[in-house]
2 protein chains.
Amino acid sequence: MSETSWSPPTLLVTVDLVILTLRAGELNVLLVERGVEPYQGEMALPGGFLEHDGEDLLAAAHRELDEEANLAGAVLHLEQLGAYGDPSRDPRGRVVSVAHLAIAPGLPEPEAGSDAAGARWQPVGAVLSGEVRLAFDHLRILADGVERARAKLEHTALATAFCGETFTISELQQVYEAVWGVEVDPRNFYRKVQGVDGFIVPDGHKATRGRPARLFRAGARASLHPPIVRPG
Amino acid sequence: MSETSWSPPTLLVTVDLVILTLRAGELNVLLVERGVEPYQGEMALPGGFLEHDGEDLLAAAHRELDEEANLAGAVLHLEQLGAYGDPSRDPRGRVVSVAHLAIAPGLPEPEAGSDAAGARWQPVGAVLSGEVRLAFDHLRILADGVERARAKLEHTALATAFCGETFTISELQQVYEAVWGVEVDPRNFYRKVQGVDGFIVPDGHKATRGRPARLFRAGARASLHPPIVRPG
DNA sequence: CGAATAGTGTCTATAAGACATTATACT
DNA sequence: AGTATAATGTCTTATAGACACTATTCG
């Protein structure tokens, strides 16, 4: 392959977002309704084109998070998922998308009237089952994002990113159950999370109907030793 | 953000390769000497620009594997590592690289005179320690690739991709030791690998100096239950 | 004192880590 | 017989999973 006087092809790059949160004990993903062709009127992951002025991929993801979802400040976790470059993934031509995974604590419905108009939380289950259709290859990207989140719950403190500043152990357990889609034994769960040094640290108490629950907040440890493994 | 009569920026996309193999019990990576600016004369990961004619990212990685390393047929494992898009990573301007991880069984020195001229196996340790310098952000990409390989050894049958068609258990053990950079107890290792159903299947015997070793080949199981975890 | 929710203790099975000996072939 | 390499068994410790009871608050 000679490189003399040959100029390489340039192409379009987008940043797409899998934004997960927990609503009413169910794993939800933020979707937007497309206002333009292609796939006009269909649901899709939030995202947009990469600006070329000195903007890192992660920075672009943060910008889209703000522009399309009004979630500039609230986010606790954002990481790259991977690049998607199937030549037929976008009917407009060759577009490579760099997908990112964002985790947000439980949030209200996005306000209409902003850039996030048409943005809606949808239960992940309904989307993965095909009940809600997604544009482009966004179903695959979502599936990869959910699997990434499930796997990271085992070895990292990601679960705390689904919670608010403080949380109870049973709230944390609900995170694991909702994301994994399985039930967890509370006794073994209490034992495990308290056995991981630096995972969660005590922070007061919470009044409930019944015995008050101890409150915790995220500790300094990012990786869990030993891991909290999912059954199977 | 209005999208009326605004055309999004196009940019350059490359495919870079972290090609790992085992040579003399040591983890090696394939590097090429750059023939053109920038970084002319320095070592870099093999890679090239993405062609825009109907070529998937993985297909592009396979093509570069052939063009730059003459490894079209030999490869047993190839997967995407991630996208690297720091605006300052390439002095020529905005270039996003989609990095891939390739695992090859032990191979001889690449032939000179081909497209792979200037390609050389280098011990990973020497590169990660800074003894051998890499162009662009390729050191970080390499580090990510090695960490990915180390992690995947635990939960997948990736280790067999470092071996030939058949291998002995102690050869397999050497793979784990070389990639992880730690020593492993042979007795516990034998017990573990044989306990994972479908990981390796018997395939004859191999004459050695001493008691003949049983030969195995890769089994059907891709994910390991229970995992072969690294110490630490 | 009863209802509601939070939190804990025990037993068993499975896996991990440390360690020494036996087995088979070749010279 | 000696040497070189392959393969295995046992003991101890740690972690996982199943399971039922005690603790604290409020009305």
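A, B, ... follow the sequence lines: proteins, then strands. Residue 1 opens every chain.
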Arg211(B) backbone acceptor or donor facing Thr208(B) side chain under 3.5 Å: yes

For chain A, the stretch of DNA chain C it reaches, first to last nucleotide, under 4.0 Å of its heavy atoms: dA4(C) to dG9(C)

Least distance between heavy atoms, Pro186(B) atom then Gln173(B) atom: CA-OE1, 3.5 Å

Side-chain donor-acceptor contact under 3.5 Å, Asp144(B) with Tyr84(B): yes

With Arg150(A) via salt bridge (charged side-chain N to carboxylate O under 4.0 Å, His left out) - residues at least two apart: none

Separation of atom CZ in Phe216(B) from atom C1' in dA7(D), rounded to whole Å: 10 Å

Whole-Å gap separating C1' (dT5(D)) and CD (Glu171(B)): 13 Å

Sugar-phosphate, base or nothing in reach of Pro226(A), heavy atoms under 4.0 Å: nothing

Under 3.5 Å: donor-acceptor pair, side chain of His138(A), backbone of Leu45(A): yes

First of Gly232(B) and Thr208(B) reached from the 5' end of DNA chain C, by closest nucleotide: Gly232(B)

Sorted by number, the residues of residues 172-183 of chain A with heavy-atom contact under 4.0 Å to DNA chain D: none

Touch class at under 4.0 angstrom, heavy-atom based, for Ser170(A) against every strand present: sugar-phosphate

Under 3.5 Å, which protein N or O atoms sit close to an N or O of nucleotides 8-11 of chain D? Give each pair with its distance.
unit_1	atom_1	unit_2	atom_2	d
dT8(D)	OP2	Gln194(B)	NE2	3.3

Distance (rounded to the nearest 0.5 Å) between Phe216(A) CZ and Ile200(A) CD1: 4.5 Å

Length of the line joining His225(B):NE2 and dA16(D):C1', which is rounded to integer Å: 16 Å

Those residues that, when tested against Lys152(A), pass salt bridge (charged side-chain N to carboxylate O under 4.0 Å, His left out) (two or more places apart): Glu79(A)

Non-neighbouring partners of Glu154(A) that pass salt bridge (charged side-chain N to carboxylate O under 4.0 Å, His left out), sequence neighbours left out: Arg230(A)

No-hydrogen, no-angle side-chain donor-acceptor test under 3.5 Å, Asp203(A) and Thr166(A): no

Short side-chain to backbone donor-acceptor contact, Thr21(B) and Ala104(B), under 3.5 Å: yes

Heavy-atom side-chain proximity of Glu177(A) to Phe189(A) below 4.5 angstrom: no

